[in-house]
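The next block holds one structure in the form of structure tokens; read it before the comments.
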Protein chains: 2
Amino acid sequence: MANLANTNDDERVDEVEPHSLHEKVYLQLRTAISSGKFASGETVTIRGLAELLGTSPMPVREAVRRLVQDRSLEMLPNRTMRVPPMSQARFDELADVRANVEGYAAFRAAERISDRNFAAIRSINDRMGVAIREGDVPGVISTNREFHFAIYSAADSDVLLSVIENLWQQSGPYLAALLHALSNAPNALPTVGFGHHFELIVALDARDAEVSRKAMMDDILTAAQWYRQNVLFDTDVEGKKTELKDAVR
Amino acid sequence: MANLANTNDDERVDEVEPHSLHEKVYLQLRTAISSGKFASGETVTIRGLAELLGTSPMPVREAVRRLVQDRSLEMLPNRTMRVPPMSQARFDELADVRANVEGYAAFRAAERISDRNFAAIRSINDRMGVAIREGDVPGVISTNREFHFAIYSAADSDVLLSVIENLWQQSGPYLAALLHALSNAPNALPTVGFGHHFELIVALDARDAEVSRKAMMDDILTAAQWYRQNVLFDTDVEGKKTELKDAVR
DNA sequence: CAAACCAATTTGTGATCACAAATGAGATCG
DNA sequence: CGATCTCATTTGTGATCACAAATTGGTTTG
């Protein structure tokens, strides 16, 4: 019964890493867009991105198709693609929808979260506290993301989670601008960063769904409020080609 | 100043119709999936669909990529694609998320709707009443969709609207099953169909956002409840190749 | 000097070919 | 007779070519 020819595979390295090139390209472009490596309103071309990433146009074509699908890219009628321009109206829409959807996710999470997961969330928040004290802005942004998505995962709904991931992706360029703004205003870090995290933790600990929803909404809306007051919507349409080539493989 | 060589274009027929083949294929497959033309869990191949639609695999490849992106298709790790199998859990998730998101859309709509748009919504509901009295099940389904999306459009948020469209797309196969079930239970048509439409209309007329939200949530949740009680989740995994070729062009 | 024309380039798009991985059926072995 | 191996087929994937539409830059014209 033991033939060790084809069953034993020692290589389980590629468990998580994407295998197909278009997947890799998609992930690269996705993080590039959501981290602000492309200017708002900047136009891109398939061949251009392909050369930038050192691949043929083929994988880029498929990746771009997906990015357009989740509104990370925009396809204008006249055969040109661009990063959706940031605007006050779009920002407001995203903030409001996020507050509602992610508030609901917090609601669900409070109903279902395990003690173990709750402890993990509390510990993420502690790490975020360290980042705030050290003025580590990128650290704050990333732990904040961890914190939020730990809660959303606890809501235990694939459908809901994918909706939220899509909303965050669309908010990516705004987040990048927020990061930049916070670097120049370190004293705002605790307010904007922590937001209503403590209320959220207390509510989750008490498994109080309605209060959790409220805390999550407040967290999102107050951050958006600060953003509106301190980050201007510059209509940067061109320039900023930015580096990206990294390493496709 | 008047050179009539290239500026006068009398043909504005293709205003709304898609120009690219992959767009056409995408729309075809999308409606095919959401109208239940593919069985739940049925596996599909790029080349297979291409032959079915009479095109090369190329446009199908791009269309399928988009369908996977919005979860209308599922990509299994082992290089096979399938229609996401219907399940009780997935249905519950979709119903709950829909109730929350679309409830919020009704909330926003109540705050912003114009008299003109409200009149249009009321008239759509009247047409739906006719369809119900005549026992026209497909008519009920389609006017119901019109009714809901007229409200969601009044919410005036592209971000929100696209999220909702995505949720409806994912619910497509369930809706198809609902249609089939209702055809055998015509007496349930008024209850399931109209649901809480009248309360919704009254609330919208009064511009009462909170009551509108509640009515929309009730409408969705009671329909889901009826579905759970009367439609069984048959695990039909194969067969049912179904016609589709229609006309790509 | 500015507006209009024109040609060369760039663009998305569709089709086809090549290839490696996965599948499935047929043969072989125990 | 059942499990295993093997080989032909099918599959997604990447690259390349061809083409029409659109853009762009240069030139010409008034």
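Worth knowing before you read on, the calculation uses all heavy atoms, side chains too, and leaves out hydrogens, waters and symmetry mates.
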Work out which heavy atom in A:Gln170 is nearest to a heavy atom in A:Asn166; give both atom names and the distance.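 The answer is NE2-OD1, 2.7 Å.
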
Rounded to whole Å, how long is the line connecting atom [atom1] of [X] with atom [atom2] of [N]?
{"X": "B:Leu21", "N": "D:dA21", "atom1": "CG", "atom2": "C1'", "answer": "16 Å"}
{"X": "A:Met81", "N": "D:dT23", "atom1": "CE", "atom2": "P", "answer": "14 Å"}
{"X": "B:Leu73", "N": "D:dG12", "atom1": "CG", "atom2": "P", "answer": "11 Å"}
{"X": "A:His19", "N": "C:dA20", "atom1": "NE2", "atom2": "C1'", "answer": "13 Å"}
{"X": "A:Leu76", "N": "D:dT23", "atom1": "CG", "atom2": "C1'", "answer": "14 Å"}
{"X": "B:Arg61", "N": "D:dT16", "atom1": "CZ", "atom2": "P", "answer": "14 Å"}

Residue list, salt bridge (Lys or Arg N to Asp or Glu O under 4.0 Å) with A:Arg47, at least two apart or on another chain: none

Closer than 4.0 Å, any side-chain N/O of A:Asn78 to the OP1 or OP2 of D:dA21? no

The side chain of A:Met75 lies closest to which of these nucleotides: C:dA15, C:dG12, D:dA15? C:dG12

Among C:dG14, D:dA15, C:dT16, find the nucleotide with the atom closest to the side chain of A:Met58. D:dA15

Hey, what's the ring geometry for A:Tyr227 with A:Tyr174, parallel, tilted or perpendicular (30° and 60° as the breaks)?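 Plane angle over 60°, so perpendicular.
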
Who passes ring pair (Phe, Tyr, Trp, His ring centres under 6.0 Å) against B:Tyr104, sequence neighbours left out? none

Less than 6.0 angstrom separating the ring centers of B:His22 and B:Tyr26, yes or no? no

Filter on salt bridge (charged side-chain N to carboxylate O under 4.0 Å, His left out), then keep only pairs touching residues 71-87 of chain A, sequence neighbours left out; what's left? A:Glu74-A:Arg82

Which residue pairs satisfy the salt bridge (charged side-chain N to carboxylate O under 4.0 Å, His left out) criterion with at least one member in residues 84-100 of chain A, sequence neighbours excluded?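 Matches after skipping sequence neighbours: A:Asp92-A:Arg228, A:Asp96-B:Arg108, A:Arg98-A:Glu102.
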
If we fit an axis to the first five pairs and another to the last five of the helix from C:dC1-D:dG30 to C:dG30-D:dC1, what angle do they make, to the nearest 10°?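 About 10° separates the two local helix axes.
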
If you draw a 6.0 Å radius around CD in A:Glu51, do more than 12 non-hydrogen atoms from other residues or ligands fall strictly inside? no

Name the pairs: protein N/O against N/O of nucleotides 9-11 of chain C, kept only if under 3.5 Å.
{"unit_1": "C:dT11", "atom_1": "O2", "unit_2": "A:Arg79", "atom_2": "NH1", "d": "3.0"}

